[in-house]
Structures are given as C-alpha cells and as structure tokens.
A.B. asks: 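Input: one structure, supplied below.
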Amino acid sequence: MDKWVLIDGNSIIYRAFFAMPPLTNSAGLHTNAVYGFTTMLLKLLEEEKPTHMLVAFDAGKTTFRHEGYEDYKGGREKTPPELSEQFPVLKELLRSFGISQYELPGYEADDIIGTLSRLADEQGVETVVVSGDKDMLQLASDHVTIALTRKGVSEVERYDPAEIDAKYGLKPLQIIDLKGLMGDTSDNIPGIPGVGEKTALKLLHEFGSVEGVLENAAELKGKMKEKVETHRDSAVMSKKLATIYREVPLEKRTDELAYGGYDAQTLADNFRKLEFKSLLERLALPEAAGADAAAVAAAATYDVVSAGELPAAELTALLAASESVYIEAIGDNPHQARLIGLAVAAGDRIAVATYDDLMDGRTAAPLRDWLADEQAPKRGYDLHKAELALGWAGIPLCGIRFDALLAAYLLDPTESSQTLAALIQRFGLAAIQTDEAVYGKGARLQVPAGEALANHLAAKADAVRRLVPLLSAELGKGNMTKLNDELELPLAVVLAGMEKQGIQVNPGVLEELGAELERGIAQYMSDIYSQAGMEFNIHSPKQLGEVLFEKLGLPVIKKTKTGYSTDAEVLEKLEPYSEIVKLILHYRQLTKLQSTYVEGLLKEIRRDTGKVHTYYRQTIAATGRLSSQFPNLQNIPIRLEEGRRIRKAFVPSEAGWSILAADYSQIELRVLAHISGDARMKQAFIEDTDIHTKTAMDVFGVTAENVDANMRRQAKAVNFGIVYGISDFGLSNNLGISRKDAARFIEQYFAVFEGVRAYMDNIVAQARKDGYVTTLLERRRYLPEIKASNFNLRSFAERTAMNTPIQGTAADIIKLAMVKMDAELRTRKLRSRMLLQVHDELVFEVPADELELMKTLVPDVMERAIELDVPLRADVSYGDNWYEAK
DNA sequence: AACGTCACG
DNA sequence: ACGTACGTGACGTTA
C-alpha cells in the first residue's frame with residue numbers, strides 16, 4: 001500500500017521559524033527554522049512511514065492569483081533575512097534526506113499539493129497533507145487527511161472530513177466559502193469586512209455557500225444585509241483567491257516522489273555543518289567526522305603522564321607550574337558525586353591523578369597540599385562543584401583564581417549548554433569528546449579505566465587551559481572582569497561553605513506534620529470519590545479533566561495543549577458549580593506539602609548529621625539569581641499557614657542557638673527607583689513610606705487616610721507589574737479586571753511616575769540598539785528576540801529588557817552582601833554561620849552570645865552592601881526555628 | 001522526557 | 001489579531 005506525504009514547505013518553514021527560539025551555528029548561520037522543519041520531518045517519517053514524499057515550495061513573487069487581484073498577499077511583512085537565508089539550507093538538507101522537492105513558477109505550494117492530492121484521490125492512495133494553513137482543509141477527502149501544525153511544528157492536528165464537520169459543521173469544500181466570507185488578513189484577502197469566523201459559519205450553516213448567501217441577501221437584516229450587499233464582489237473574489245487550483249501542469253511524475261530513505265553519511269555531514277548535535281544522536285549518526293578517540297588524541301599537543309608514575313620532585317614542580325586543573329566528579333548532586341580524579345596542565349605536560357592517587361599512596365600528600373594551598377592558583381571548570389566533591393572526601397580546595405564555567409555564564413547567562421565540550425566548540429577550539437561519549441549515561445554509566453579515562457581528563461584540563469585566556473579577554477571586553485573576580489568567584493567559595501555546613505532539619509516535626517497530612521488527604525480523597533461517584537487518580541490532570549468536564553459537565557475555562565486545564569486558577573472559577581472543586585483544591589494543597597516538603601525533605605536529611613545540604617547553582621538563572629537544588633530551599637512554603645509550618649523543622653544545629661533571618665524590604669522597587677531616577681519614587685523610599693500605599697495615593701489622587709485595602713492591593717499589583725515588565729493583559733489577568741481598565745491604571749501610573757516610564761522606554765530602546773541589557777554591576781543578558789518580527793517573541797524580550805536589570809541588580813546586591821557578610825564573620829571570628837539565601841533574604845544560625853551583635857551586624861552589612869540613591873532596608877527576626885524567625 | 005501543576009522570591 | 005505578566009525546582013502522570 002502506498003502512502004504519500006505532501007508537505008507545504010513555505011508554510012512549515014515559516015511556522016518553524018516563529019516557533020523556535022533563535023539558533024545559529026558557530027559560523028553565524030541561522031538554523032532554527034531548518035531545525036524545526038527537520039524535527040517535524042523525522043516525526044513524519046517515523047509515524048507515517050511514507051512510500052512517497054514531496055515538499056512543495058512557492059516559486060517567485062507573482063502567481064496567477066495576482067493577475068486578478070494585485071494586492072494578493074500584499075501588506076505582508078518582508079520575510080526576515082534570518083529566515084530567507086534558511087531556504088537554500090533547507091533545500092540542500094532535503095536533498096541529503098533523499099526527499100523530493102518541487103516548485104513551479106506562477107503557482108503556490110498549495111496548488112502543487114492540491115493537484116497531487118487530486119491525483120491521490122483519483123488513484124485511491126492514502127495521503128497526508130502537512131501544512132500550517134487552514135485553507136488546506138478544502139483538500140480533505142476519504143483518502144486525504146490534512147495535518148495542521150499546532151503550537152510549534154512537530155505537533156500536528158489531523159483532519160479528515162468528519163473532523164472538519166465536527167469542528168466547523170462544514171464540508172471540506174465549504175472552507176473556501178468560509179474564507180470568501182471572513183477573508184484572511186495574512187494573505188490580504190478581504191472577504192466581507194466585519195464578518196469574522198463566527199458570523200461566517202452562521203451564514204454558511206444557513207445558506208451553504210458564498211453564492212447562497214449572496215442570493216439570499218434580501219433575507220438578512222440591518223447591518224448584516226448592508227455589509228453583504230456592499231461587498232458582494234469582494235466575497236466572490238475572495239472565494240476565488242482562497243480556492244486551491246488543482247490542475248497545475250506538473251512536470252513531475254508521481255513515481256519521482258518515491259522515498260527510499262536517506263544516506264546516513266550525507267545526512268550526518270549536513271547535520272554536522274548545521275551543528276544539529278541532538279539530531280545526530282537521535283539518528284545515531286557519527287558525531288564528528290571520524291571523531292573516534294584516536295582522531296581527538298591526534299589533535300593533542302601535550303603528553304599525558306600519570307601522577308603515580310612521576311617522581312615526587314617532578315610532580316611537585318608540575319603542580320607549582322600548573323596553568324589549569326580539571327577535577328572530575330560524576331553525578332548531578334555534588335554532595336553525593338563520585339570523585340573520579342583530576343588532571344593538571346603545565347606547559348605541554350598534563351599529569352593525571354586517579355581517585356586512588358588522591359586518597360592514599362605516595363601522591364596523595366603532594367596533591368592534597370597543592371589543592372589546599374591558597375597561594376597555589378587554580379584555574380578550572382566548575383570549581384564550586386569540585387570543592388564540594390573534594391570536601392566530602394576530606395580534601396580542601398583553596399586558591400581558586402578562575403573558573404571557566406562562571407566566566408562562560410557571565411558572558412552569556414542564557415546559554416543552555418555550558419559544558420566544556422560546548423564551550424570549546426563555541427570558541428572554535430579543537431573538539432574534545434563529550435562526557436556522554438566517554439562515560440555513557442543513565443543505566444549504562446561506566447567510567448573507563450586507565451588510559452581512556454586519563455586521556456579524557458587530560459583533554460579537559462587542556463581545554464580549560466586554552467579557554468582561560470579567551471574567556472578572560474571576553475570578560476574584559478564586556479566590562480565584567482570585576483564582576484567575575486570580585487563577586488562571582490569569591491561567592492562560589494562562600495556558597496560552598498554554606499552548603500557544606502548545611503542546615504539542621506528536625507525529622508520529628510516533619511513526621512508529625514506528615515501524619516496529620518495523611519489523615520487529611522485520606523478524608524479528602526474519599527470525599528472527592530463520593531462526590532465524583534467513582535474512583536480515579538486525582539493527580540492525573542487527564543482523569544480529573546474527564547471527571548470535571550465530561551462526567552460532571554462543568555464549564556471548560558481554559559485548555560492546555562494536551563487537554564483540559566485544571567490548575568488552581570481554573571478550579572477557583574469553578575467553585576460555584578460544584579462542591580468537589582474546593583475538595584480538590586485542598587487535596588492538592590495537602591499532597592503538595594506531603595510529597596514535596598514532608599517526604600521530599602525527609603529523604604534529603606543526612607542520616608549521620610540530621611542536616612540537609614542544598615546546592616546553590618550559580619550559572620543557571622538568566623538574571624544572575626542563584627537557584628537551589630537537592631533540595632530546593634528557596635521555595636519552602638510561607639504564604640499559607642498550613643505550609644508555613646514546614647519551617648518549624650528548620651532548626652539550629654547546636655543547642656541554645658537561634659535561627660536569624662534578615663530580608664531586604666522592597667529591594668526590587670528600590671533598585672528601580674535608583675536606576676530610573678524617578679524623583680517621586682526615590683522620595684518615597686527616602687522617607688521610608690509604605691510604597692504600595694504611596695503608589696495608591698499618587699495613582700488614585702487621594703490622601704493616605706483615604707487609601708483603602710482594595711486600592712492598596714491594586715497599587716501593589718501595578719508595582720509588581722512594573723517590575724515584571726508591565727502589559728495591560730498581564731495586569732488585567734492578575735487583578736481580574738478588564739484590559740481597558742488595566743491599561744488605564746498603567747497610564748495613570750506612568751503619568752505620575754514619569755521617570756519610570758522614561759526608564760522603561762529607554763531600556764527597551766537600548767536593548768534594541770545594543771542587543772543586550774546590563775545590571776548595575778555590569779552583568780549582561782543578550783536579548784536577540786527584541787528585534788523579532790513575531791509579536792510574542794518581541795514582547796517577551798521587551799518585558800525581559802525591563803525586568804532583568806531590576807531583578808539582576810537585586811541579585812548583584814545580595815551577592816555582594818553575602819561576600820561581605822562572610823568576610824565579617826571571619827574577621828570578627830564569630831561562630832555564627834550563614835546558611836541560606838532566598839533571593840532577598842539571608843538565614844543564619846547564631847549562638848546566644850552573638851545574637852545581639854548579629855541583630856545589628858547582618859542588616860548593617862546588607863544595607864551597606866552598595867550605595868544607591870535610595871536607602872536599602874533589611875528587617876531582622878530570629879527564633880528557635882525558621883518559622884519563628886518571622 | 002515532556003507536561004501540568006504548584007511551591008518560592 | 002496576536003496571547004504573557006519576571007525568575008526558578010520538584011513532584012506525579014503519561015507517553
């Protein structure tokens with residue numbers, strides 16, 4: 001049985017372009033649309049297993065459609081150059097896939113596909129037409145199904161005549177009439193102005209076709225009648241334009257469409273050129289042209305020596321002359337990572353030490369002495385993780401002077417892959433093998449012995465050595481040397497100290513809470529089942545959706561890409577309809593606490609010490625914030641009392657000590673006042689007034705006494721919106737008001753806070769000009785999408801341009817405070833310990849005799865971390881546990 | 001592995 | 001007309 005797949009090339013490449021984030025290979029060639037197209041192709045090949053395949057393209061600028069209507073597809077934005085350059089790339093890639101392609105001057109891709117699908121119908125060949133264009137639905141028949149892209153490109157929705165009927169109540173050919181009536185702005189097809197999809201469908205259900213509507217125009221009433229009569233010609237012409245021409249004189253025989261599979265070598269070459277690594281892997285194609293270990297080693301210009309085989313004096317000399325070090329620890333959680341060994345590069349020699357070399361024998365002492373020597377500089381990669389992995393093996397690491405991972409993060413904090421192999425590629429250096437290639441992954445993780453391991457570690461140390469000067473130079477160009485040397489690098493050491501210290505968690509408190517939750521959960525579960533009249537998995541959004549929206553018939557508020565949405569926002573709207581909704585909300589609340597915070601946290605407690613040791617990641621957040629993992633201690637509940645009780649489990653690790661917490665008050669808005677220079681906002685903070693109340697006063701034009709709770713709440717939401725990069729849509733959603741009202745609010749706000757408005761305008765303009773935004777300490781974030789022609793991408797980038805300097809500067813400030821606080825604790829020889837950071841809050845454990853001092857020292861250091869045009873304020877509290885420190 | 005959901009600032 | 005508030009991580013389900 002033959003199976004044809006016909007692809008509307010232009011439509012799909014456009015979709016792919018706008019759906020995918022920007023992507024370039026190291027030569028600067030844009031590849032995102034080709035990438036998206038390719039993922040879709042692979043999925044089609046896999047799912048459809050076509051015997052024949054064709055990608056049709058539009059040829060040239062004008063088609064027969066322009067003869068009757070010059071403005072056809074007029075007013076379209078020009079194809080962005082980032083996309084145009086991908087057409088030839090795609091065509092070449094299709095050739096290496098062995099997929100036929102076709103274009104014919106004067107015709108569009110739809111006409112070619114229309115003609116082929118007619119042939120398919122005549123011959124009874126099962127066919128799938130793939131496009132992003134709804135017009136294609138007119139081609140659906142018993143043999144031809146239409147696959148329309150949904151979000152993105154690889155997701156498609158299939159339509160046969162029955163589904164079109166179900167969705168629109170139309171026969172496939174009536175899609176043309178639909179277009180004739182409603183038009184299509186993207187193709188500049190006018191239709192009947194004022195008639196949208198709803199009206200058009202209503203008319204068609206009644207009269208069947210454009211002609212039917214026109215004939216019966218007399219039956220229509222009022223405005224509608226007028227509209228139809230004045231635009232008769234437009235409707236007829238629009239219908240004609242929307243009609244796919246199915247008699248194209250094809251110069252291609254259908255047997256030329258036969259698909260016989262791709263040639264792995266050619267395809268692999270092409271993928272490599274485009275740097276589609278994940279696709280190489282997906283098709284199990286060789287990653288580098290002949291990139292076996294031998295080829296990689298051949299590029300090496302160094303000698304690998306085993307530390308154990310080196311005479312003691314030589315080893316010491318090599319360490320003293322070290323230019324770079326690579327310390328290997330396998331595992332995501334550095335507190336549990338398996339220490340593998342290290343490699344030190346000096347001149348053209350690289351010494352490799354295994355785990356055993358580090359742990360005992362002749363080499364252990366000199367290696368450990370060197371690692372612990374503050375005066376012996378270490379330039380490495382991810383030394384924060386290394387410090388922890390070594391630390392748990394009882395080996396201190398000191399003298400950290402440069403970290404390639406940190407530097408790479410500062411240079412581009414949004415880059416998803418900061419692995420050494422990726423970095424090397426970005427800087428055009430000779431490739432090294434990926435960790436996955438050497439160690440495998442998942443269940444097949446296997447660390448090779450002997451030479452293979454030594455070579456890999458050596459290659460990494462060599463990679464670091466070559467990267468250090470390049471990264472340093474780039475940091476210099478970006479004015480980030482100081483940020484790197486004086487903030488991020490010292491902070492990495494401070495963080496490692498906090499993480500090693502850990503925080504005591506009382507399992508008894510959690511277990512008791514867990515037992516209580518268990519009872520509540522069981523009760524809610526049985527109540528939910530009886531309300532539903534059946535048992536089902538409440539955790540499954542799919543099953544829950546079926547129960548709520550099909551069995552119980554509640555109204556559908558929102559859909560996700562896979563089905564009904566059942567999130568809290570939706571459920572709150574459904575509360576009036578059924579009692580089950582509230583039960584589900586409570587059930588969700590309790591199970592969240594139970595699984596994530598009671599059970600999850602209990603699992604992370606070290607049996608021997610009773611502590612949890614989070615891992616702060618310094619190179620993840622695009623704004624410069626930290627993130628926290630294993631466990632995440634930056635999202636412990638606080639907003640609701642039930643969850644807040646979790647904090648009672650976080651206690652001091654020594655008897656008689658206290659937990660002390662200090663948090664910045666309104667740090668982001670203070671930062672905004674500073675960087676925008678808005679006089680009114682600065683004044684508010686200088687006078688230390690309640691900023692939300694002050695905002696309400698100014699926006700609503702009332703005195704302090706006349707600001708009611710609701711006004712303050714709205715002002716607060718506006719302030720949040722300002723920090724996030726405001727939009728009327730976002731604010732209206734948040735406040736549950738109309739978009740118009742939200743827009744009015746924003747306008748009123750900007751009328752008062754003129755400096756803030758100027759800042760928002762300027763920062764977006766600056767991002768457009770420079771391609772990036774910066775924080776007060778010169779942290780940088782690139783925003784390539786600020787120039788996107790796609791509205792969504794561009795708007796997102798604009799909001800990010802507004803938000804990142806604010807959130808990022810706040811992150812800079814608390815990081816500064818942490819480094820300074822750590823220094824204070826040391827120089828004053830205090831026993832108090834800094835344990836946690838939660839974005840605007842620092843948590844300490846403090847012995848009784850230091851409590852009085854710390855109560856003033858911590859906020860002092862935080863408030864003086866940096867001098868702004870407005871004062872910073874930090875509030876302190878303390879107690880027997882984190883809950884009490886409020 | 002991706003998705004939906006929900007915890008935090 | 002388009003459809004999102006900014007930044008994260010963990011869990012359970014489903015494919």
Side-chain angles (χ1 to χ4, degrees), chain A residues 18 151-152 154-155 184-186 196-197 332 413-414 442 537-545 558-571 584-585 588-589 591-601 603-604 614-617 620-640 642-644 646-647 663-664 666-668 717-718 720-735 739 742 746 781 789-808 810-811 814 836-841:
Chain A
F18 290 115
K151 280 188 179 164
S154 42
E155 278 291 308
D184 182 343
T185 42
S186 70
E197 182 173 304
D332 288 334
T414 56
N537 186 340
I538 309 167
H539 291 290
S540 162
K542 188 161 167 264
Q543 293 180 35
L544 179 60
K558 189 165 72 174
K559 293 205 130 197
T560 68
K561 66 172 113 179
T562 51
Y564 308 112
S565 172
T566 66
D567 65 22
E569 206 186 313
V570 168
L571 294 184
I584 294 165
L585 282 167
R588 285 238 178 106
Q589 191 196 343
T591 53
K592 175 84 179 183
L593 291 174
Q594 183 75 305
S595 65
T596 303
Y597 297 105
V598 173
E599 291 166 358
L601 216 43
K603 276 188 219 139
E604 294 289 342
T614 190
Y615 172 44
Y616 287 107
R617 298 204 62 185
I620 297 297
T623 52
R625 276 191 176 181
L626 299 176
S627 82
S628 159
Q629 286 182 321
F630 317 129
N632 181 354
L633 295 183
Q634 292 183 319
N635 70 347
I636 303 301
I638 188 167
R639 294 173 188 169
L640 300 174
E642 297 90 320
R644 192 173 196 156
I646 296 282
R647 295 183 173 227
D663 67 306
Y664 278 114
Q666 302 296 351
I667 187 165
E668 292 189 335
V718 173
F720 266 90
I722 292 291
V723 169
Y724 290 156
I726 195 135
S727 72
D728 51 7
F729 187 92
L731 184 66
S732 74
N733 217 13
N734 187 285
L735 281 177
R739 226 164 105 173
I746 295 168
R781 178 173 180 180
S789 46
N790 178 302
F791 175 87
N792 278 330
L793 290 179
R794 189 177 63 246
S795 304
F796 191 11
E798 288 168 358
R799 293 194 298 274
T800 309
M802 301 184 227
N803 170 264
T804 295
I806 301 172
Q807 191 183 116
I814 194 164
L836 304 177
Q837 188 252 43
V838 193
H839 307 308
D840 65 354
E841 173 186 15

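Because the structure is predicted, anything quoted here is derived from the model rather than measured. Numbers restart at 1 for each chain; the letters A, B, ... are given by sequence-line order, proteins then strands.
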A.B. asks: Side-chain N or O of A/Ser627 less than 4.0 angstrom from OP1 or OP2 on B/dC8?
C.D. replies: no
A.B. asks: Categorize A/Ser727 for me: base, sugar-phosphate, or nothing, with a 4.0 angstrom heavy-atom threshold over every strand shown.
C.D. replies: base
A.B. asks: Answer yes or no: is there a side-chain heavy-atom contact under 4.5 Å between A/Ile814 and A/Val838?
C.D. replies: no
A.B. asks: What nucleic acid atoms does A/Arg739 come within less than 4.0 Å of, heavy atoms only: base, sugar-phosphate, or nothing?
C.D. replies: base
A.B. asks: Below 4.0 angstrom from OP1 or OP2 of C/dG12, is there any side-chain N or O of A/Arg588?
C.D. replies: no
A.B. asks: Using a cut-off of 4.0 Å on non-hydrogen atoms, how would the nucleic acid contact of A/Val723 be classed: base, sugar-phosphate, or nothing?
C.D. replies: nothing
A.B. asks: So what does A/Phe796 touch, heavy atoms closer than 4.0 Å: a base, only the sugar-phosphate, or nothing?
C.D. replies: sugar-phosphate
A.B. asks: Determine the interatomic distance between P on C/dA5 and the same-named atom on B/dG4; round to the nearest Å.
C.D. replies: 13 Å
A.B. asks: Side chain of A/Ala568 only, heavy atoms from C-beta on: which candidate in B/dC6, B/dG4, C/dG9 is closest?
C.D. replies: B/dC6
A.B. asks: Over all strands shown, is A/Ala622 touching base, sugar-phosphate only, or nothing at heavy-atom distances under 4.0 angstrom?
C.D. replies: sugar-phosphate
A.B. asks: Pick base, sugar-phosphate or nothing for A/Gln629, based on heavy-atom distances below 4.0 Å to the nucleic acid.
C.D. replies: sugar-phosphate
A.B. asks: Under 4.0 angstrom, heavy atoms only, what part of the nucleic acid is A/Thr591 near: base, sugar-phosphate, or nothing?
C.D. replies: nothing
A.B. asks: Would you say A/Ser628 places a side-chain N or O within less than 4.0 Å of OP1 or OP2 belonging to C/dG9?
C.D. replies: no
A.B. asks: So, is A/Thr562 near the phosphate of B/dG4, with a side-chain N or O under 4.0 Å from OP1 or OP2?
C.D. replies: yes
